[in-house]
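These numbers were taken from a predicted model, which means no experiment stands behind them.
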Amino acid sequence: MEAIKRQIPLSVAIPSSIVADTPHLREKTYKVGLIGRACAIFRVDDVVIYPDGKGQNTSNQIDFVSNILSYMETPQYLRKRIFPVRPLFKYVGILPPLRTPHHPIVKYVRDLKLNEYREGVVIKSEGNRSYVDIGVEKTAVLQESKLPIGKRVTVRLVSLQKEHPEVCLARREEIGLYWGYDVTVSSLPLGRMIRTGSYDLAIATSRYGTPLTKVADEVRQKYRASKRVLVAFGSPSEGLKEILRRENLKVEDVFDFTVNVIERQGTKTVRTEEAVFASLAALEIIS
């Protein structure tokens, strides 16, 4: 079954300190990889990284998490063109592949299809045309568009009859399939970020929340009436209640529901990356 995109956009909010308790770069990379994989599986549209004021070097933490998530979302054939060599990418080889519709495995022009969508990067511009790497052995030609080198673009194949495949610019909104997630870095703490955002429904996750089974009908009704939904997660050391307390806010001031999706957990704690999988799976059932 093809991965059809969501009709109601879904955002996930995770704290900047998500890997603050993980000492080794390899394990940090893998942890973020699990979150990216979960977001792709459940067709999340936007991953928001919010500063939670926990741990040292918040800007470094945000830089790491945002870059690893962005690297994962980028098709493999474009990664070397987009991401420079940096120490934080040392262990990206252990990241799980997403295999989303915008991560095709086709490598040759002969296997392309007319009107197929691809992600690409502009590698050359001449006159009023640009040449785009779309992951096959020949560059694609983008007519009537002189774009800056290095720009990532979404394109649609309009001709396969010439020496180089011809493409036109496309908008993600016109693609009926799930086309990956955006990565957004918030400069605002969680409470202000949600209050100033255009979310019709904001859901907090917590082991102390109301069991989702008890409010499933209410959540489903609100979800289906919304235009944009956000699900938020706490950090390895603090829940959303403690994080919001630094803004002098209560959970109920910000969120419509606080839910517990693992009512009878068999472990003392549930890690954030595990909570992301469990929460998104539960919401997939009731939404």
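Under the 4.5 Å side-chain heavy-atom criterion for grouping Ile, Leu, Val, Met, Phe, Trp and Tyr, L142 is not connected to V121 through any hydrophobic cluster. Taken together through direct or relayed side-chain contacts under 4.5 Å among Ile, Leu, Val, Met, Phe, Trp and Tyr, V215 and L240 form parts of separate hydrophobic clusters. V276 and L230 sit in two unconnected hydrophobic clusters of ILVMFWY residues. Membership requires side-chain heavy atoms under 4.5 Å apart, directly or through other members. The hydrophobic clustering, which links ILVMFWY residues whose side-chain heavy atoms are closer than 4.5 Å, places M72 and V48 apart. Using a 4.5 Å cut-off between side-chain heavy atoms of Ile, Leu, Val, Met, Phe, Trp and Tyr, with links allowed through other members, V254 and V12 fall into different hydrophobic clusters.
In the displayed structure, E137 atom CD is contacted under 6.0 Å by more than 12 heavy atoms of other residues, nucleotides or ligands. For Y30, the OH atom is loosely surrounded, since the number of other residues' heavy atoms within 6.0 Å does not exceed 12. Under a cut-off of 6.0 angstrom, the local environment of CZ in R99 is sparse, with at most 12 non-hydrogen atoms contributed by other residues, nucleotides or ligands.
At a threshold of 4.5 Å between non-hydrogen side-chain atoms, the residues K28 and L88 do not count as touching. Y181 places a side-chain heavy atom less than 4.5 Å from the side chain of L98. Side-chain contact between E173 and W179 is absent, with no heavy atoms from C-beta onward closer than 4.5 Å. At a threshold of 4.5 Å between non-hydrogen side-chain atoms, the residues I14 and V65 count as touching. When side chains are defined from C-beta on, Y50 counts as touching I243, because their heavy atoms get closer than 4.5 Å. Residues H103 and Q76 form a side-chain contact, since some pair of their non-hydrogen atoms from C-beta on lies under 4.5 Å apart. Counting only heavy atoms from C-beta outward, the side chains of V183 and E73 never approach each other to under 4.5 Å. Within the 4.5 Å cutoff, no side-chain heavy atoms of F255 are placed close to those of I203.
Between R86 and D63, at least one side-chain nitrogen of the basic residue sits less than 4.0 Å from a carboxylate oxygen of the acidic one, meeting the salt-bridge criterion. Between R152 and E119, at least one side-chain nitrogen of the basic residue sits less than 4.0 Å from a carboxylate oxygen of the acidic one, meeting the salt-bridge criterion. Electrostatic pairing of E284 and R43 counts as a salt bridge here, judged by a charged N lying under 4.0 Å from a carboxylate O. Under a 4.0 Å N-O distance rule, the pair K31/D21 qualifies as a salt bridge. One finds no salt bridge joining E174 and R172 here, because no Lys/Arg side-chain nitrogen approaches an Asp/Glu carboxylate oxygen to under 4.0 Å. Between R220 and E218 there is no salt bridge, since no side-chain nitrogen of the basic residue lies less than 4.0 Å from a carboxylate oxygen of the acidic one.
Here the options are L188, I194, L190, the test is side-chain contact (heavy atoms from CB on, under 4.5 Å), and the partner is R192; only L188 passes. For the side-chain contact (heavy atoms from CB on, under 4.5 Å) criterion with S125, the lone passing option out of N128, V122, I123 is V122.
For the pair S16 and I62, the tightest heavy-atom approach, listed with the atom from each and the gap, is CB-CG1, 3.4 Å. Nearest heavy atom pair, residue F233 against residue A275, reads CE2-O, 3.5 Å. The heavy-atom pair separating I134 from A140 by the smallest distance is CD1-CB, 3.9 Å. Of all the heavy atoms in P97 and R37, the pair that sits closest is O-NH1, 2.6 Å.
When only modelled atom types and interatomic distance are considered, S279 and T205 share no side-chain donor-acceptor pair under 3.5 Å. Checked by atom type, the side-chain pair T139/D133 shows no donor-acceptor distance below 3.5 Å. Counted by atom type alone, T74 and R79 present zero donor-acceptor pairs between their side chains at under 3.5 Å. Using modelled atom types and a 3.5 Å distance limit, the side chains of E252 and T258 yield no donor-acceptor pair.
Separation of the H24 and Y91 ring centroids falls under the 6.0 Å cut-off.
Panel note: side chain D111, backbone V106; no donor-acceptor pair is recorded below 3.5 Å. The closest donor-acceptor contact from the side chain of E247 to the backbone of L244 lies at 3.5 Å or more, if one exists at all.
Cation-pi geometry between K5 and Y178 is not met at under 6.0 angstrom from the ring centre and within 45 degrees of the axis.
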